[in-house]
Each structure stands twice: as C-alpha cells, then as structure tokens.
Participant: 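Pasting a structure here, questions to come.
Proteins come first, then strands; the chains are lettered A, B, ... in the order of their sequence lines, and each starts at number 1.
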2 protein chains.
Amino acid sequence: MRKEFRDLAPPEAAHEAIASLGLAGGTETVTLREARGRVLADRIDAALDVPGFDRASVDGYALRAHDTFGADEADPAVLALAGVVDAGERPDVTVGGGECVEISTGAVVPDGANAVVMVERTDRADREDDAEDAPDRIEVRTSVAPGDRIMFAGADVAAGERALGPGTTLTAREIGLLSALGVDEVPVRAAPRVGIVSTGDELVRPGEPLDSGAGQIYDVNSYTVAAGVEEAGGEAVLYPHAGDDYDAMEDLLRQAAAECDLVLSSGSTSASAVDVIYRVVEEQGDLLLHGVAVKPGKPMLVGRLDGSAYIGLPGYPVSALTIFRTFVAPAIRRAAAVPEPDAATVAGRMAGEERYAEGRLRLMPVGLVDAGVDESLDGTDVGGETLVYPVDKGSGATTSLVEADGLVEMPPDTERLDAGEAVEVRLFSPDVRVPSVVGVGEDDPALSRVLDRLDTPRYLGLGSREGQRRLRNGVPDFAVTTSGGDTGSPTVELGAWTREWGLVVPAGNPDGVTGLAALVDRDLRFVNRTGASGLRTSLADVLAELADERGVTRHDLVSAIDGFEAGRRAHESPPRAVLSGHADVALGLRVTAETLGLGFVPVGEETVRVLGNPARTEKSGVGAFSAQVAGMDDLLDELPGYGRPD
Amino acid sequence: MRKEFRDLAPPEAAHEAIASLGLAGGTETVTLREARGRVLADRIDAALDVPGFDRASVDGYALRAHDTFGADEADPAVLALAGVVDAGERPDVTVGGGECVEISTGAVVPDGANAVVMVERTDRADREDDAEDAPDRIEVRTSVAPGDRIMFAGADVAAGERALGPGTTLTAREIGLLSALGVDEVPVRAAPRVGIVSTGDELVRPGEPLDSGAGQIYDVNSYTVAAGVEEAGGEAVLYPHAGDDYDAMEDLLRQAAAECDLVLSSGSTSASAVDVIYRVVEEQGDLLLHGVAVKPGKPMLVGRLDGSAYIGLPGYPVSALTIFRTFVAPAIRRAAAVPEPDAATVAGRMAGEERYAEGRLRLMPVGLVDAGVDESLDGTDVGGETLVYPVDKGSGATTSLVEADGLVEMPPDTERLDAGEAVEVRLFSPDVRVPSVVGVGEDDPALSRVLDRLDTPRYLGLGSREGQRRLRNGVPDFAVTTSGGDTGSPTVELGAWTREWGLVVPAGNPDGVTGLAALVDRDLRFVNRTGASGLRTSLADVLAELADERGVTRHDLVSAIDGFEAGRRAHESPPRAVLSGHADVALGLRVTAETLGLGFVPVGEETVRVLGNPARTEKSGVGAFSAQVAGMDDLLDELPGYGRPD
C-alpha cells in the first residue's frame with residue numbers, strides 16, 4: 001500500500017492499511033492449566049483411545065455372554081466366581097466358560113469376558129456344603145448379549161480421531177477433553193505484543209508525584225489503551241517516557257518496534273511531541289496514512305517501523321479509546337484469533353435527536369440507560385429498550401471515559417439520527433454493562449454514600465439545574481435537585497433530605513466572619529460554586545434578601561464580593577481552596593467543613609430532592625435506589641448538618 | 001443449617017446450604033496494571049483536581065478578558081506579548097493589564113490571565129520600527145469573556161468527588177479514570193481460593209504415563225472444574241492425589257481446607273473413594289447435605305471442614321460440570337463479586353420433544369445449533385432461532401463435554417418439553433459459542449481436514465446411519481454418509497468425494513491376504529467397524545456378492561470371520577489393532593494404511609456424500625462449509641485413494 005495522505009483517508013482505507021501491516025501473534029505452547037481462554041493454533045487429534053481399555057459400565061460380573069443365553073428369573077445361569085477386579089487394578093484372572101469375575105464400575109474387563117451383567121440382576125448362590133474349597137457361585141437372572149455393559153476401548157474417543165480444531169477457544173469443557181486425552185501442553189495462538197509509547201513531556205505515571213504548577217498531568221491514555229489491548233487478547237508493554245526530542249523518540253520507537261508486533265502512541269497535548277513521532281515514522285519507517293476522515297480520527301497515523309506495525313491514536317482519552325476500539329482492537333483480535341464477544345455489541349434507540357453534518361464518519365461516544373418496562377419518548381413507544389445518548393462532544397474530559405459505554409457510527413451521509421431511531425452500540429469493553437440506574441444532579445456527600453449501596457449506578461454530579469434539564473429531556477432515571485420549584489415536566493419524588501450550608505472559613509475563623517455581610521463589606525477572597533449548583537442558588541436567594549434589607553440591588557452586593565462570578569463545580573472544591581490558603585471564605589456544607597477540619601458559619605438549610613422519571617418507576621434499578629433513599633436515615637444521622645425535611 | 005439427608009434435598013436447599021457456607025474472597029490490593037477485570041472493593045474518591053491547574057483548551061493567548069471588551073475584526077484590541085507558556089512548563093511570567101502571553105493547548109494559564117483567545121482570532125501586529133526592543137504586539141479580533149477557553153482546575157474531576165463505587169468492574173475506561181487520578185494501586189475483591197481434590201486411585205494427571213491395562217484413566221474433572229473455577233473469578237488450586245485410604249484422604253482434605261476457602265472433589269468411578277470422602281467430612285467436619293433431588297445431583301455433598309466450605313460433585317464429566325455450573329459457580333461469582341456475563345445465557349427452542357418424568361429437577365445437558373434464516377420444524381415456524389437438543393443421556397462420555405454447550409432446567413413437574421418450546425440455556429462457560437455449522441455422520445480423514453478450514457464447526461463422527469437419522473430429525477445442518485440410498489427425507493447434496501477402502505494388513509502383508517475370501521477361508525483375526533459405519537455397509541455389500549458367487553448365505557460367510565460382529569467406531573481404530581499386533585486384518589481406508597505404515601489390499605471405492613438440511617441452505621456457516629467442500633481438491637489430491645465421483 002502506498003502512502004496517500006494528501007487528504008484525509010476514508011475509514012475503509014484505514015482498516016485496509018492496518019490489515020496490510022500483517023499483524024500476527026504467532027504460536028506458543030502453554031500448559032493445560034494455563035490454556036483457559038486461549039485459542040488453539042493447531043488441530044489436536046487423539047493420540048490414544050478413551051477409555052484405553054474395555055471398561056465395565058456398572059458394578060456386576062464380567063462373563064461370557066454365551067453362558068447366559070436363555071437365563072431368566074425362573075431359571076438363572078449359575079457361574080463360578082473366578083475372581084474380583086476393582087477400578088484401577090490390572091486383572092489377575094481370565095474368564096473361562098462357565099465362569100464370571102466380580103467387577104466394579106470403571107474396572108478393566110478381564111480377558112475371556114465379552115459382557116458384564118449388573119449386580120442387581122444376580123444373586124450369590126448358596127455354597128454347596130460338600131465342597132468347602134469350591135468357588136462361590138453366582139446366579140445370573142437375565143440373558144446378556146456380547147458387549148452389554150462394556151464401554152469398549154476407544155468408544156468415547158478413538159486414537160487418531162480429530163478431537164479439537166484449530167481456532168477453538170479453550171473453555172472448561174475443551175480443557176476437560178484435552179485432559180482425557182492426556183494432553184498437558186497445547187499449541188495456542190500467541191498474544192500479539194503491543195508496545196505503548198507515551199508522548200508529551202508533561203505526562204507523569206500514576207503513583208509518581210505530580211507538579212501541577214508546571215502543567216504536569218497523569219498519563220491516562222497509556223493505561224487505558226493497555227487495558228484495551230489486553231481485553232482484545234494482546235499483550236501490552238508500557239514503555240517509559242524518554243523525552244520529546246527527535247533522537248530520544250527515535251530510540252524509544254525503535255526499541256518498542258524491535259520488541260513488539262505493534263507500537264501504539266497517543267497524541268499528546270503537546271503538538272510538538274506528535275510532530276516528532278510523525279517525523280520519526282516518516283523518515284525512519286514507512287508512513288501509510290496520516291489522518292482519517294472520521295471524527296475523531298483526524299490525528300490518526302498508520303505506518304511501519306523496522307518491520308513492526310505503528311498506529312498513532314488521538315490525544316483525548318475518549319477519542320483514543322474510540323479509535324482504538326474501531327480500528328485497532330479488531331486487528332489485535334484477528335492476530336490473537338480471539339473472537340469478539342457477542343456481548344460487545346448492544347442494540348438501542350436514540351434518546352433524542354442528534355444532528356451531524358461534517359461529511360465524514362462520526363464515531364459518537366454514547367452512554368446507555370435502560371428505559372425500563374414501558375417507555376414512551378417523544379411520542380414514540382420504545383418499549384423496554386436501551387436508550388442511547390451522546391457524551392463527550394469534544395470536551396476531552398476524563399470523566400467522559402466512565403460515562404461513555406461505547407460508540408455509535410454515524411455514516412458521512414447521515415445528517416440526523418431521530419429520537420427513537422434504532423442504533424447499534426459497540427461497547428468500549430466486553431465487560432461494560434448498562435448501568436442499573438442513571439441519575440444527574442446536585443453533588444452531595446449523602447447521595448454519594450447511598451450510591452455506594454447500589455449495584456452499578458451511574459451518577460453525574462453536574463448540578464441541580466443540569467439534572468432538571470436532562471430529566472425533562474427524558475434521559476436519566478432521576479435528578480437530584482435543591483430547587484423545590486417547577487421542573488417543567490411531571491416527576492415523581494423518590495425521597496428527600498436536608499443539609500446545612502453556609503460559609504466555610506479557616507479553622508478558628510481567623511477573620512471573624514459571622515455571615516454573608518462580611519463578604520460584601522470586607523476584602524475577603526471568596527470561592528463560589530458554579531451556576532449549575534443548587535447551593536449557589538441558595539446563596540443567591542439569601543443575598544437577594546440582604547439586598548432588600550439594605551435597599552440596594554442584588555448586583556450591587558454581588559459585584560462587591562471578590563470571586564462571586566467564577567465558581568467550582570464540585571462541593572468540596574471551594575472549601576479546599578480555603579484549606580490550601582487560596583481563599584478566605586468558601587461556599588460549602590457543614591459536613592464538608594467538619595470533614596476537612598475547617599471552620600463553618602451557618603447560613604441556611606436546603607432540601608435535596610430526588611425526582612424520578614415517571615416512565616421509569618417500574619424499573620428495578622429505580623426501585624432499589626428508592627429503597628436505599630428511604631432507608632438512608634443511618635447516613636443522615638452520621639453526617640453533620642443532615643436530616644429529613646419536616 | 002442442620003444436616004438433613006435422610007431423603008434427597010430439594011435443589012433450593014442445596015443453594016441455601018452452599019450460601020450458608022459463607023464463601024468469601026476478602027480484599028486485596030493490586031497495581032493499576034493488574035487491575036483489569038477485577039472488581040473494586042471500596043469506593044475511590046478523587047484525591048486531586050483534574051486538571052490540577054487552570055489549563056488552556058486551545059493554542060492562543062492568555063489575557064485579561066476585560067482588555068478585549070469591545071474588540072472585533074474592524075477594531076482589534078492590541079496587547080503586548082509578555083511571554084510564552086508551553087504544555088508541561090511552569091509559567092515564568094504573569095499577565096498584567098494590556099498584556100498577553102502565548103500559550104499552547106494543555107499549558108498552565110499564567111497568573112493574572114482569566115481567559116484565552118484562540119490563535120485563529122488573532123494577528124501578530126507589525127513591529128513599530130522606532131522601538132527595536134519594544135515587545136511584539138498581538139491584535140485580538142474578538143471579545144472574550146472571563147473563563148473562555150480555560151478548563152479550570154477540578155473542572156473535569158474535583159478533589160473529594162466520588163470517582164468509582166464499590167463493586168465496579170474495572171475495564172479500560174475505569175482504568176483510564178484511575179490513572180487520571182494518579183491512582184496506581186486499587187483495593188479489589190480477592191478471588192476466593194478453591195482447592196480441587198482428586199479422588200480415585202485410577203486417576204492419572206495429563207502428561208504422566210498411563211497404564212491402561214491396569215485400568216488407569218486421565219483425570220478429567222479436576223482440570224475441567226479448575227477452569228470453571230477460574231471462569232467464575234476464583235483461584236483454583238489442584239491438589240496431588242494422595243490415595244483413597246481414610247488417613248491419606250483426611251490429610252489431603254485438611255490441607256486443602258487450611259489453604260482454601262472452598263474445597264471441591266468430584267466423584268470417582270471408585271465408589272470406595274467417594275465413601276471415604278463422605279466419612280471424612282461427616283466425622284471430621286460437618287456434612288450439611290448428601291444428595292440433591294436433581295438429575296444428575298444424587299451424589300452431591302455439601303459440608304464444612306475445618307472452617308472451610310466443602311462441595312462434592314458427581315463423577316461423570318458432564319454431570320460434574322452441570323452441578324458445578326448450577327450450584328457452585330454462582331457462589332464463587334458472588335464471593336468474587338464477578339457478575340455473570342449476560343452472554344452466559346442463551347434463548348433457544350427445543351429441536352424435538354423431550355420427555356422426563358422422574359419427579360426431580362433435571363439439569364439437561366444440551367447442544368445448540370443455529371436454525372438459520374427460516375426454519376420450520378414439526379410444523380412449528382421457529383424463525384432464525386437457536387435450536388436446543390439434549391446430549392449425554394447419562395453415558396458419561398468425555399466427548400459429550402464438547403458437544404454440550406450448556407444446560408436446560410426441566411422442573412420436577414414438567415413431564416415434557418415440546419418441539420419448538422422456548423427454553424433458556426445456561427452455557428457451561430461464558431466463552432461458549434453456538435457452532436457455526438453442525439454435522440453428524442461418517443468419520444473421514446478428508447472431512448477432518450475440511451473442518452480445520454472452518455471457524456468453530458461441530459462434527460460428530462457417529463457414522464453414516466446416525467448422520468442420516470439425525471438429519472431426518474432436523475437437528476444437524478448436514479450429514480456425511482457413504483450410503484447413496486434414500487435418506488427418508490428431502491436433502492440437498494452439498495458435495496461428494498470418493499475414497500478407496502479395503503483390508504489393512506501388517507506391512508509387507510505377511511499372511512499374503514489377497515481379498516475378502518481370505519477372511520472367510522483362513523484363520524485370521526479380523527477387526528471390523530461398528531454397524532453405524534458406512535464402511536461396514538460397503539463391506540457387507542461385497543460379502544453378499546461373494547456369498548452369491550459361492551451359493552451360500554451371507555450369514556454363512558460372516559459367521560466364518562473371526563471378529564466380524566464386534567466393531568470399532570472410528571476409522572483408524574481397526575488398522576491400529578493391526579499395528580499393535582492384536583489383529584491380522586482390519587477394515588480400513590487406503591489413506592489410513594499408508595499413514596500408519598501398514599499394508600493395504602484394495603477391495604472397493606465408495607462415495608462420501610455431504611447431505612444438507614434443506615431448511616438451512618441460507619445459513620452462513622453452511623455456505624462456508626459448502627464452499628470448502630467445493631474447493632477441497634487440493635486435499636483430495638494429497639490423500640492416497642481419494643478423488644471426486646465420476
């Protein structure tokens with residue numbers, strides 16, 4: 001394949017370029033105990049008969065069938081007992097005419113016998129008194145045919161038979177068959193080795209100290225992609241970052257290429273690092289593709305270096321995972337011969353309309369929510385379907401990673417997906433499950449503890465306002481809001497609690513703050529919450545009262561507060577600014593102040609309400625959540641400033 | 001729970017007894033790189049803000065928003081360039097009024113700035129000639145608001161926020177979030193340790209030499225169950241067999257109990273070994289249940305020994321796996337907090353009627369076959385369903401292991417499952433897949449090679465007759481038969497080939513065998529195939545001709561042949577009897593004789609036909625198989641005695 005990247009390549013060309021890299025993992029031999037989940041590289045034929053001997057299927061007597069012909073209850077055949085054979089024992093006796101041998105299930109049928117009669121159809125005959133040393137005699141009360149109750153050698157598996165074919169995934173049952181054949185080592189497809197190269201001098205490995213002031217961030221993509229490689233049946237090798245200059249990058253890429261079948265890198269926030277990789281692959285290797293006409297595939301690279309395959313992924317975590325899932329994981333699965341589980345694809349329906357008209361394939365990261373028993377959306381009856389909604393519209397947020405369950409392909413010629421339209425979702429990992437219950441709204445510590453008591457909930461702490469907005473649009477199962485007002489759509493209250501809020505100050509309240517007036521009248525650095533937060537609404541309400549009292553406008557007050565406009569999204573962030581000395585006063589909850597060992601000036605109490613989607617009240621996850629909210633009094637007792645509404 | 005095993009316990013009691021054992025795996029800490037697929041034991045809160053600093057979202061200029069108010073294309077704001085900040089760099093500059101700083105995506109927004117303008121909306125102003133050392137000036141052609149193009153510290157994840165809840169399965173995306181938080185070690189649910197004790201002195205470990213003459217067999221259940229334990233999220237520990245006497249068994253069980261959370265044993269063919277285990281658990285521990293009213297659960301034991309849980313499984317491999325899957329795997333999953341994948345259950349319809357009336361729950365091992373596009377069975381239109389048919393009706397065969405895909409529960413009060421009735425199949429392993437194509441019939445070496453070229457076929461070499469019978473009953477996709485006659489139902493021929501058959505004799509033909517007459521007229525030990533084999537039918541046909549020639553009955557000829565009546569199931573078995581010296585002449589194929597280095601006396605040529613189920617011709621697996629049969633000439637050329645029919 002020749003280089004062709006004057007324009008963005010079509011996605012099919014990217015698949016073809018990756019296929020042309022000839023990624024393959026080869027073959028290796030593993031012990032039977034390590035073989036679970038691996039894929040057979042070669043056919044396995046039986047090298048021996050199973051059973052390896054003519055085996056008694058019941059407890060009874062081995063005999064010559066001919067000796068029993070005509071025998072029945074009234075007229076049994078009487079045979080002389082010539083010996084005993086137990087399982088796991090070499091017979092020390094042969095069976096002659098008129099003789100039988102006592103035999104247990106699983107034992108070797110002795111020479112001379114050609115049938116076994118089960119013990120239930122026999123009796124031990126009385127010993128004849130006049131023959132003390134005569135053998136015991138057995139009465140056989142039925143006639144048996146040659147071969148009766150014998151599993152002949154090879155009847156289960158015969159030597160030379162095809163036992164398992166190449167490409168067979170080895171589960172418990174195949175391992176059972178292999179052990180029956182005495183096989184203790186099997187040739188399996190080797191996992192392709194995939195090297196992951198970290199780019200960007202600002203990236204730090206988890207566990208190492210982070211210098212945020214110098215713009216350092218933890219390396220997300222290397223670990224995400226490594227896990228994706230392993231989920232696809234590859235072996236991931238993480239390479240330590242070696243710097244973004246050309247020589248260091250070349251050394252690193254060459255080392256990875258020498259040791260691995262495929263080298264992956266992901267775009268860094270540093271454009272120069274990506275440029276360096278690009279130059280190394282182009283000048284030292286063979287760059288096949290640069291940029292693919294998919295959103296988000298623009299920065300994608302495909303090439304070869306020193307006989308190894310190379311693929312460059314985008315930098316945003318969800319984008320990297322999206323491109324990995326679409327283009328790279330299938331190639332690794334093929335090389336490892338690990339089929340994609342059926343469960344890795346889920347059918348769903350769009351929760352709302354989604355427009356897109358950029359003329360290139362869009363790989364849309366989506367979240368999933370189970371619509372419950374009987375959901376009607378936009379007039380469309382979607383039944384007990386899984387609803388699909390887009391997430392991470394290019395924000396690059398890490399949290400999108402755990403909100404995104406998979407991706408939906410929007411072809412270039414599709415300008416719109418309608419609400420209720422059927423779509424196929426490719427999950428990011430086979431183990432991803434649709435959350436049991438999905439909520440959006442106010443960030444609250446009591447709620448966090450309730451969520452801990454649920455199985456696989458999803459909660460997005462985007463504030464009361466966003467919770468109400470999304471509930472109106474019919475996506476989540478519930479919203480959590482501190483606003484008691486009209487939500488603009490019918491809802492069902494699933495529960496409520498109260499929390500005390502106020503001003504969080506340094507321990508000991510060194511500035512002697514006594515109330516909101518101090519913020520207005522004194523030169524204190526204040527940290528607020530964002531506009532979506534219900535707590536900020538409560539603050540604004542109390543400020544409005546203060547403005548009334550003073551006969552000024554709310555704006556007059558607000559503009560006198562240093563830091564009122566900007567705001568932090570999460571409930572602990574403003575108090576943490578006080579803790580770190582970056583602020584004098586913060587908007588917060590009593591529980592947060594006490595948890596962080598800070599001072600607290602109470603201002604008010606607000607009610608946190610859980611509002612349910614009325615179409616989902618029958619959903620089991622909603623029921624489990626409601627029950628936990630009803631039974632959360634132990635949590636409310638534990639948390640300072642919490643209670644139930646009067 | 002008290003002992004209660006005077007009668008067989010109901011299955012619910014077995015589930016309860018196992019639940020009462022208190023199986024749990026505890027908690028352990030693993031590194032992030034080892035965490036994939038594990039289940040979080042505790043909630044993880046963010047210990048830091050992500051990003052950890054106010055971060056530029058675009059390449060551009062950091063500035064004070066106020067300085068741009070009113071700016072537009074026609075009247076840009078002109079700011080003095082005070083410096084540059086790159087990603088991963090600590091700013092060495094602050095932004096004053098009328099100033100800006102060049103900034104790259106991901107870089108720290110320097111103190112003083114409260115917004116970033118993207119580079120596309122700016123121009124570098126001409127340098128004023130009269131001020132050589134004056135700073136560069138930037139024209140900003142738009143007005144920006146405070147906070148524009150900045151991702152504030154904690155906007156993605158805020159310190160103190162709930163990041164992941166307990167019970168979360170860690171897939172690629174969760175590992176991504178954890179790495180963003182700098183977490184390199186996570187508390188996860190520990191896998192419960194499950195000891196597997198082998199019973200029965202006749203059992204030998206795979207890889208060790210087998211003394212078949214002494215009734216030894218390879219240990220199947222230990223390895224099967226160990227793989228099942230690992231599939232369910234447990235850690236399996238195999239204990240070496242120590243002998244079946246009481247003291248040795250007690251020592252072994254006590255060692256396993258001391259080292260593991262659960263000890264499993266499986267019934268052995270040796271009844272005495274099971275009795276010994278029973279006595280040890282009863283006398284040294286606490287036997288809760290002995291025998292459960294399920295088929296095949298009669299031999300099941302549940303108890304405690306030295307604080308560890310103990311469960312005894314049946315001895316037949318499919319029965320052991322059935323009881324393990326139904327009673328033990330769910331308990332291990334609960335202890336490991338590993339949810340059962342949705343894919344572990346499949347919906348299907350019965351391929352035929354199945355009766356059962358023993359008054360206890362039946363756990364019926366079943367095979368699956370995809371019925372293709374449009375299947376009509378017994379007048380019932382079952383659509384593109386998965387058909388379910390019972391396998392291993394108590395035979396104990398190892399091969400049933402790989403024919404059985406899962407199990408169907410037949411409740412005690414159900415006497416019959418009708419053909420076409422909807423059933424739920426619990427797969428034996430989550431990775432079990434419905435075969436792409438299912439065939440039954442003649443054992444043939446050319447066919448084995450064709451099968452190697454297919455993805456996950458299933459073929460049961462039960463002989464031409466059984467293949468035709470099953471095809472008539474509508475279960476398999478195809479039958480392979482040497483009989484050209486009426487199959488009793490409409491079929492579609494998918495392909496055919498010919499093979500040369502005859503008498504296999506020792507190398508050099510020491511007895512000078514020239515044809516079938518030698519078998520009749522001389523005292524030679526002959527080994528035949530079983531009655532289901534098409535090869536035996538061909539032999540019988542030629543013997544009938546010989547009888548005609550001689551003017552005798554076929555029976556006269558047959559009774560003169562030593563070994564004619566008994567027969568071996570697989571095509572290589574009779575020639576192998578010649579190879580081992582146990583026979584003088586065997587029925588076989590030229591290819592087998594040549595492969596084994598034996599002599600061959602040709603008798604005839606027979607046509608092997610592949611007959612397709614007419615309702616499945618549209619099925620993709622059938623199409624792939626037909627294409628391989630059509631393209632198998634390379635195989636026919638390679639194999640001695642093979643060709644195409646005229």
Participant: Do B/Pro146 and A/Glu565 have side chains that approach each other closer than 4.5 Å (heavy atoms only, starting at C-beta)?
Facilitator: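 Not in contact.
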Participant: Rounded to the nearest 0.5 Å, what's the gap from CG on A/Leu178 to CG on B/Leu401? Could you check?
Facilitator: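 So the CG of A/Leu178 and the CG of B/Leu401 are separated by 10.5 Å.
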Participant: Please state whether the side chain, the backbone, both or neither of A/Asp45 comes within less than 4.5 Å of a heavy atom of chain B.
Facilitator: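 For A/Asp45, no heavy atom lies under 4.5 Å from chain B.
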Participant: Which answer fits A/Asp405, side chain, backbone, both or neither, if we ask what part of it has an atom under 4.5 Å from a heavy atom of chain B?
Facilitator: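 Both parts, backbone and side chain.
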Participant: Of the backbone (N, CA, C, O) and the side chain (C-beta and beyond), which part of A/Arg449 lies under 4.5 Å from a heavy atom of chain B, both, or neither?
Facilitator: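 For A/Arg449, the contact with chain B is made by backbone and side chain together.
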Participant: Where does B/Leu164 contact chain A at under 4.5 Å (heavy atoms): side chain, backbone, both or neither?
Facilitator: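 Looking at B/Leu164, just its side chain touches chain A.
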Participant: Where does B/Glu161 contact chain A at under 4.5 Å (heavy atoms): side chain, backbone, both or neither?
Facilitator: side chain
Participant: Do side-chain atoms of A/Glu231 reach the backbone of B/Ala172 as a donor and acceptor pair under 3.5 angstrom?
Facilitator: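 Here the side-chain-to-backbone pair exists.
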Participant: Which atoms of A/Tyr223 are under 4.5 Å from chain B, going by heavy atoms: the side chain, the backbone, both sets, or neither?
Facilitator: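 For A/Tyr223, heavy atoms of backbone and side chain both lie under 4.5 Å from chain B.
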Participant: Output the distance between atom CZ (A/Arg90) and atom CD (B/Gln216), rounded to the nearest 0.5 Å.
Facilitator: 8.5 Å
Participant: Checking A/Leu451 against chain B: side chain, backbone, both or neither under 4.5 Å from a heavy atom?
Facilitator: both
Participant: Distance check, rounded to the nearest 0.5 Å: A/Asp156 atom CG versus B/Thr399 atom OG1?
Facilitator: 4.0 Å
Participant: With a 4.5 angstrom heavy-atom cut-off, which part of A/Leu48 approaches chain B: side chain, backbone, both or neither?
Facilitator: side chain
Participant: Quick one: pull up CD in B/Glu403 and CG in A/Leu177 and give me the separation to the nearest 0.5 Å.
Facilitator: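 Reported to 0.5 Å precision, the distance equals 12.0 Å.
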Participant: Kindly say whether A/Asp444 contributes a backbone atom to a donor-acceptor pair with the side chain of B/Arg162 at under 3.5 angstrom?
Facilitator: no
Participant: Side chain, backbone, both or neither: which part of B/Asp452 has a non-hydrogen atom closer than 4.5 Å to chain A?
Facilitator: both
Participant: Sort B/Ala155 into side chain, backbone, both or neither according to what part of it lies under 4.5 angstrom from a heavy atom of chain A.
Facilitator: backbone
Participant: Which atoms of B/Ser429 are under 4.5 Å from chain A, going by heavy atoms: the side chain, the backbone, both sets, or neither?
Facilitator: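 Looking at B/Ser429, just its side chain touches chain A.
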Participant: Contact between B/Arg568 and A/Asp49 at the side-chain level, heavy atoms closer than 4.5 Å - yes or no?
Facilitator: yes
Participant: For the residue pair A/Tyr218 and B/Ser179, establish whether any side-chain heavy-atom pair is separated by less than 4.5 Å.
Facilitator: no
Participant: Report which part of A/Ala404 has an atom under 4.5 Å of a heavy atom belonging to chain B: side chain, backbone, both, or neither.
Facilitator: backbone
Participant: Side chain, backbone, both or neither: which part of B/Asp211 has an atom under 4.5 Å from a heavy atom of chain A?
Facilitator: side chain
Participant: If you round to the nearest 0.5 Å, how far is CZ of A/Arg173 from CZ of B/Arg325?
Facilitator: 12.5 Å
Participant: Checking A/Val183 against chain B: side chain, backbone, both or neither under 4.5 Å from a heavy atom?
Facilitator: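 The answer is the backbone of A/Val183.
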Participant: To the nearest 0.5 angstrom, please state how far the OG atom of A/Ser212 sits from the CZ atom of B/Arg55.
Facilitator: 12.0 Å
Participant: Can you confirm whether the side chains of B/Thr171 and A/Asp431 place a donor and an acceptor under 3.5 Å from each other?
Facilitator: no
Participant: Identify which part of B/Thr169 has an atom lying under 4.5 Å from any heavy atom of chain A, answering side chain, backbone, both or neither.
Facilitator: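 The side chain, not the backbone.
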Participant: Step by step, would you call B/Val402 with A/Glu174 a side chain to side chain contact (heavy atoms under 4.5 Å, CB included)?
Facilitator: CA-CA 6 Å; B/Val402 284; A/Glu174 285 85 7; 4.0 Å; yes
Participant: Please look at B/Leu32 and chain A and tell me whether the side chain, the backbone, both or neither of the residue comes under 4.5 angstrom of a heavy atom of that chain.
Facilitator: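 The side chain, not the backbone.
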